[in-house]
Protein chains: 2
Amino acid sequence: MNNPTSQTAPTHPSARDKLLAAGFAVIRSKGYSGTSVDELCAAAGVTKGAFFHHFKSKEALGVAAANYWSEFTGALFAAAPYHDHADPLDRVLGYLDFRRLLLAGELPDYTCLVGTMVQETYLTAPAIRDACHASIAGHARTLAPDIQAAMDARGMTDAGFTAESLALHTQAVLQGAFILAKAEDSVSVAIDSVDHLKRYVTLLFSQAEEKAA
Amino acid sequence: MNNPTSQTAPTHPSARDKLLAAGFAVIRSKGYSGTSVDELCAAAGVTKGAFFHHFKSKEALGVAAANYWSEFTGALFAAAPYHDHADPLDRVLGYLDFRRLLLAGELPDYTCLVGTMVQETYLTAPAIRDACHASIAGHARTLAPDIQAAMDARGMTDAGFTAESLALHTQAVLQGAFILAKAEDSVSVAIDSVDHLKRYVTLLFSQAEEKAA
DNA sequence: GCCAACATACCGACTGGTTGGTATCAATAT
DNA sequence: ATATTGATACCAACCAGTCGGTATGTTGGC
């Protein structure tokens with residue numbers, strides 16, 4: 001009856017896993033403050049007793065959800081195909097194509113949990129803010145090496161920006177694109193913004209190629 | 001004793017005005033859902049009775065605050081000096097310089113009210129979402145003519161993007177920059193993103209100039 | 001038998017919202 | 001000039017319901 005790998009197996013998820021999964025969905029729809037513990041429990045199909053057995057507070061669930069989000073997205077992007085390109089610039093552009101591809105389904109499905117949470121909690125819940133920051137910064141850090149390699153290949157030693165700052169800029173564009181998509185209730189504006197970002201990166205490196213030539 | 005222009009005079013602001021001003025500050029700090037009506041009243045120095053005299057619900061205050069935000073920022077940017085440049089591209093770049101300049105003080109002082117609110121309310125309070133969308137889209141619309149003029153001046157008839165989409169992209173970058181600044185608890189990452197955006201716009205139009213030459 | 005994993009029942013504090021009432025005003029009638 | 005009217009602006013107290021959190025079970029595997 002019991003699954004020996006039940007800790008993380010989707011066939012027999014623990015109340016903790018169900019709550020974290022419910023957190024992804026509900027918090028992305030209604031925000032952190034707008035989501036009640038009761039609501040979370042109902043969405044997860046567990047009771048409040050289970051909630052407070054696994055999380056000492058609502059804030060603790062917020063932190064855990066942000067950390068789980070880091071794991072989840074980390075695995076998603078690590079398995080993505082854009083890493084296969086030989087040229088580092090192609091990997092960066094491939095990443096943006098992949099992000100564009102992810103803009104599918106309904107708004108709560110493709111928006112960013114930690115971007116949503118940090119907006120509300122940056123002053124009131126520093127622990128959540130730190131976990132969200134770690135998630136965003138950690139993801140940006142996976143991009144920086146490819147950007148740096150692309151810069152090095154073109155001798156861009158004095159480009160006026162760092163690989164890290166460009167990596168963070170991509171995240172800013174994506175987060176902002178989500179906000180505009182929510183405001184317009186349409187994904188097209190987000191797609192347009194990713195296209196602008198891709199055009200920026202392309203221009204940035206083609207410019208350097210011309211200069212080098 | 002009584003001020004004949006008391007309706008809008010800052011020397012004798014009405015409870016409504018005080019509540020809207022308090023809304024700017026408190027909602028930008030704690031988010032919409034995270035802000036209670038009692039908190040708003042305390043910050044404004046009025047009672048709950050006054051609140052519900054002027055606003056039929058908390059949501060109505062959210063809508064009114066978003067609309068007031070549109071007026072407020074509309075006046076701010078209309079009076080900004082970047083409109084004086086003769087070259088439309090200089091006006092666009094001047095706008096970005098002005099936005100960079102506005103990134104001063106504490107986080108709740110320079111972040112965007114409607115960007116914060118729409119993130120939480122896009123599904124639960126359509127009236128607020130619409131007001132936030134009107135604010136963002138309306139502001140972007142003030143940028144589009146200058147962008148279009150800059151494109152026309154360079155014969156960019158087939159640039160692969162519209163002036164409107166670039167205007168919206170600037171707003172996405174700014175909104176995203178605010179999120180990253182909140183996560184990092186530092187404005188520098190937001191400044192970097194605005195710099196990237198300015199570099200993008202510069203590249204976009206210098207590229208077209210080269211092609212035309 | 002025991003402990004982790006849950007469920008049930010409940011608490012005080014706080015939530016958005018309502019109540020009845022007062023102070024202040026302009027307009028009008030006297 | 002003054003009294004009457006009626007509307008607006010505002011207040012303190014209060015309401016029913018919801019909040020995050022707790023106390024006390026019950027259960028099922030080791």
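Labels below follow one simple rule: chain letters A, B, ... track the order of the sequence lines, proteins then strands, and each chain is numbered from 1.
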Please output the side-chain donor-acceptor pairs of residues 42-50 of chain A that fall under 3.5 Å, not counting sequence neighbours, one pair per line with the distance.
| residue | atom | partner | partner atom | Å |
| --- | --- | --- | --- | --- |
| A:Lys48 | NZ | A:Asp38 | OD1 | 3.2 |

Taking only residues two or more places apart in sequence or in another chain, which ones pass salt bridge (Lys or Arg N to Asp or Glu O under 4.0 Å) with A:Asp90?
none
As a test of your reading of the structure, name each stem of DNA chain D as range with range, where a stem is three or more consecutive Watson-Crick or G-U pairs at under 3.5 Å.
C:1-30 with D:1-30
Non-neighbouring partners of B:Lys58 that pass salt bridge (Lys or Arg N to Asp or Glu O under 4.0 Å), sequence neighbours left out
none
Contacts of A:Arg91 that satisfy side chain to side chain donor-acceptor pair (under 3.5 Å) - sequence neighbours left out
A:Asp146
What's the CG-P distance between B:Leu40 and C:dT15, to the nearest Å?
11 Å
Atom NE2 in A:His133, atom CG in A:Asp130: separation rounded to 0.5 Å?
8.5 Å
Please report, rounded to the nearest Å, how far the P atom of C:dA4 is from the NZ atom of A:Lys56.
19 Å
Could you pull out all residues at least two apart from B:Tyr95 that satisfy side chain to side chain donor-acceptor pair (under 3.5 Å)?
B:Arg99, B:His139, B:Gln171
Residues two or more places apart in sequence or in another chain: which of them pass side chain to side chain donor-acceptor pair (under 3.5 Å) with A:Asp195?
A:Arg100
Give me the distances for all protein-to-nucleotides 5-7 of chain D N/O pairs that come in under 3.5 Å?
none

Could you tell me if the side chain of A:Tyr200 sits less than 4.5 Å from the side chain of B:Arg199, heavy atoms only?
yes
Who passes side chain to side chain donor-acceptor pair (under 3.5 Å) against A:Thr111, sequence neighbours left out?
none
Partner residues of B:Asp185 under the side chain to side chain contact (heavy atoms under 4.5 Å, CB included) criterion, sequence neighbours left out
A:Arg129, B:Leu107
Rounded to whole angstroms, how far apart are NZ on B:Lys18 and P on D:dA9?
14 Å
Expressed in angstrom and rounded to an integer, what is the separation of A:Phe55 atom CZ from D:dT22 atom C1'?
18 Å
Rounding to an integer number of Å, can you tell me how far A:His53 NE2 sits from D:dT24 P?
18 Å
Does the separation of the ring centres of B:Phe77 and B:His83 fall below 6.0 angstrom?
no
When rounded to the nearest 0.5 angstrom, what distance separates NE2 in B:His196 from CG in A:Leu204?
7.5 Å
Strand contacts (DNA chain C) in residues 120-131 of chain B, 4.0 angstrom heavy-atom criterion:
none
Sort me out a list of protein N/O and nucleotides 13-20 of chain D N/O pairs below 3.5 Å, or just none if empty.
| residue | atom | partner | partner atom | Å |
| --- | --- | --- | --- | --- |
| D:dG20 | OP1 | A:Lys58 | NZ | 3.3 |
| D:dG20 | OP2 | A:Val37 | N | 2.9 |
| D:dG20 | N7 | A:Lys48 | NZ | 3.0 |
| D:dG20 | O6 | A:Lys48 | NZ | 3.4 |

What is the separation between atom CZ on A:Arg16 and atom P on C:dA4, rounded to the nearest whole Å?
16 Å
Quick check for you: to the nearest 0.5 Å, what is the distance between B:Lys18 atom NZ and B:Phe51 atom CZ?
14.5 Å
